[in-house]
Amino acid sequence: MEIALVLCVPLAGALLLALFGHRRWAPEASTLMSFGTLAAAALLTARVIADGPMTALKEQVFVDPFNVFLVALTAFVAFTTALFSRPYMRTEEHHKRLNSARLRLYHSMYQLFTFMMLLTLLSNNVGMLWVAMEGATLSTVLLVSLYRTPASLEAAWKYFILCSVGIAQALFGTILLYFAAEKVLGPGGDALLWTHLHAVRGELEPTVLSLSFVFLLVGYGTKVGLVPLHNWLPDAHAEGPTPISAVLSGLLLNVALYAVVRSKVLVDGALERNFSGGLMMGFGLVSVVVAAFFLSRQKDVKRMFAYSSVEHMGIMTFAFGMGGPVAAFAGLLHMTVHSLTKSAIFFTVGHASQVCGTQEMASIRGLIQQSPAIGWGLALGSLAILGMPPFGVFTSEFMVLTTAMREHPWATPFLLLSLGVAFAAIFGKVQPMIFGETTAQRVAHPPALIPVFVHLAIVLMLGLYIPPYLIDWYRQAAAFIG
Amino acid sequence: MGLSLAGQLVNLLAALLLLLAFAMLAQRRVLTLIKLFAWQGAALAASTLIVAYSTGQPHLYFSAVLTLALKVILIPWLLHRLIDRLSVRWDIETLLNIPTTMLAGIGLAIFAFSLATPISQMASTITRSTLGIALACVLLSFLMMIVRRKAVPQVIGFLSMENGLFFAATSATYGMPLVVELGVALDVLVGTFIFGIFFFHIREQFDSLDIRHMEKLKED
């Protein structure tokens with residue numbers, strides 16, 4: 001019941017806004033629908049806390065400790081992003097970068113994108129998970145090219161082609177998985193249900209599953225943005241409207257990683273040795289190192305933070321690859337705090353580039369003079385994402401590092417070096433943007449900065465104190481996937 | 001007897017599918033490329049139909065009809081219309097010359113077969129020997145997307161990759177569950193529409209569908 005509600009609200013929102021998205025009140029309606037989704041997700045969460053895991057709709061959808069917290073996170077960030085985008089998109093319209101027809105497309109597709117991500121998370125059918133993931137790509141392609149500039153078209157084309165090809169590999173992996181499952185569970189729809197697969201994972205054919213995992217990792221890994229499959233990510237983040245950059249970075253990458261981890265659990269059950277973990281650690285580590293070194297070469301502020309997302313997704317992939325309760329706990333925590341921090345950063349960066357009229361970091365100066373809230377938001381957000389205590393990112397990175405030192409000491413120098421390089425790059429570039437003489441102009445619609453500070457406050461809280469029910473949750477989920 | 005005849009027919013169609021994949025790789029003209037793509041869809045639909053008939057899996061009939069409607073009729077028709085509207089009938093430029101591409105294709109096909117052999121030995125379906133061909137089709141379409149410069153051939157490469165995947169699904173497992181196949185088909189259809197919208201946007205901006213214009217976003 002609650003599951004259906006979580007899915008129906010954004011879908012209804014997409015239909016409603018497809019019809020009325022060009023009206024003056026569309027941003028408010030969009031925010032309202034996102035709030036409805038959040039409320040439904042809260043109900044679902046309460047229900048899961050009370051009753052434990054459950055399935056619904058003939059077992060096609062399910063909730064367990066692992067996906068319920070991602071559902072809550074997705075609904076929450078989708079709501080705050082809708083809040084942020086209300087004045088942001090109005091200002092863009094005021095600057096004549098968008099017209100009302102494109103805004104209708106934007107609002108409608110935003111809701112559809114939320115729906116697709118929630119469907120990916122809740123789907124118990126591995127095939128439907130694939131379909132919803134591809135749906136999430138399709139619903140954002142036209143949003144990346146919303147400004148219709150040459151650069152944004154190029155970015156969207158790249159995003160579309162690379163992610164479609166990538167996800168086609170994941171479909172092949174899913175077919176192989178079904179091939180192995182069919183032998184044990186018999187043909188028919190049940191053989192692709194994750195809960196059934198999980199129950200018989202020890203009996204699945206190991207060779208087929210390991211090949212299947214390679215395809216699934218490459219496929220969904222393209223969407224996670226793992227190096228060397230990350231080419232679409234910086235372009236799509238830099239050229240699309242900022243609210244889309246925020247949800248791509250904060251939510252879509254998480255959802256794709258969720259799909260990888262779900263596959264990993266099955267493969268680990270079937271295989272004796274830690275085949276999938278090794279692959280994930282390799283991809284994760286390469287992503288961290290390469291992204292960290294690319295950071296210092298960026299000139300566009302959104303591109304730089306997009307590379308920072310690649311780096312953090314690498315850390316999470318590495319953590320899940322190591323496995324074990326501590327590393328998996330750290331991975332889940334890092335998913336949460338990265339999503340909150342990175343979307344907060346994109347909110348401030350979006351407003352900063354609006355008041356300065358450019359995304360070039362060299363031309364953005366003195367934010368703290370023009371608007372102390374934007375300046376402080378960016379400063380605190382950057383410190384948080386760089387892993388400064390007492391923010392939550394520090395906690396999770398610390399746990400990843402200590403686990404790596406104990407279990408895979410060879411990886412620690414690479415991680416530490418990359419974190420250092422990333423710190424130098426981002427800190428060195430953000431600091432002059434915040435202080436100094438300002439060139440900024442006032443904008444027509446006052447920015448919505450409450451979401452930024454709400455996100456950062458939660459990240460700060462998670463660094464100092466994690467509420468016991470949240471710890472329980474992470475522990476259960478970590479035990480489950482570790 | 002019936003089964004073995006069906007098996008032989010499926011093998012024949014599988015060979016045809018692979019041949020068409022190579023033909024597409026070697027083709028220089030866009031209109032012929034679309035025709036070849038439609039034929040590939042037809043071969044896929046026919047083989048699905050045969051598997052459906054010989055194994056009595058009702059949902060495979062549905063899948064065959066879906067393939068026929070979508071990949072033989074609707075999508076080629078859409079692509080034709082698109083090309084008429086955009087009045088582009090150019091010859092295709094490739095990054096590699098055709099003989100080199102073909103050699104690379106042969107290498108990929110051998111790789112695909114060696115990868116698929118251990119798995120197809122485990123399959124119990126009548127069509128198991130075709131898994132290698134399906135994988136080869138996927139990889140050949142991949143190659144086609146890499147070596148082509150124009151947007152339309154890249155899209156056809158993507159769609160033909162989807163053909164290879166569907167063939168893998170029918171040959172290895174008698175098809176995915178219906179709900180999944182419907183979902184995949186819907187995604188492909190929506191994807192094609194978005195491609196179409198894209199073509200117009202790209203042409204509006206660049207006055208050409210050559211994706212060489214779209215290599216500005218590089219690392220500096």
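Here is how names work: the chains are called A, B, and so on, in the same order as the sequence lines, proteins then strands, and each is numbered from 1. Nothing here was measured: the structure is a model prediction, and the numbers come from that model.
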Could you report the tightest heavy-atom contact between B:Ala43 and B:Leu17, atom names first, then the distance?
CB-CD1, 3.6 Å
Measuring heavy-atom distances to chain A, does B:Glu181 have an atom under 4.5 Å in its side chain, in its backbone, in both, or in neither?
neither
Relative to each other, are the rings of B:Phe199 and B:Phe195 parallel, tilted or perpendicular (30° and 60° limits)?
parallel
Check whether A:Ala238 gets within reach of chain B through its side chain, its backbone, both or neither, counting any heavy atom under 4.5 Å.
neither
Interchain contact, A:Thr137 with chain B, by part (heavy-atom threshold 4.5 Å)
neither
Top contributor to chain A contacts, counting heavy-atom pairs under 4.5 Å, from B:Ile197, B:Leu135, B:Val138
B:Leu135
Within 6.0 Å of OH in B:Tyr53, more than 12 heavy atoms from elsewhere
no
Can you say whether A:Phe172 sits under 4.5 Å from chain B via the side chain, the backbone, both, or neither, judging by heavy atoms?
both
Side chain, backbone, both or neither: which part of A:Ser164 has a heavy atom under 4.5 Å from chain B?
both
Closest non-hydrogen atom pair between B:Thr170 and B:Phe167, with its separation:
OG1-O, 3.0 Å
Could you look at A:Leu142 and say if it's the side chain, the backbone, both or neither that has a heavy atom under 4.5 Å from chain B?
side chain
Looking at every non-hydrogen atom in both residues, tell me the closest pair between A:Val131 and B:Asp187 and how far apart they are.
O-OD2, 2.9 Å
Aromatic ring pairing A:Trp232/A:His237, orientation class (parallel under 30°, perpendicular over 60°, tilted between):
tilted
When the 4.5 angstrom heavy-atom criterion is applied to B:Phe142 and chain A, the contacting part is side chain
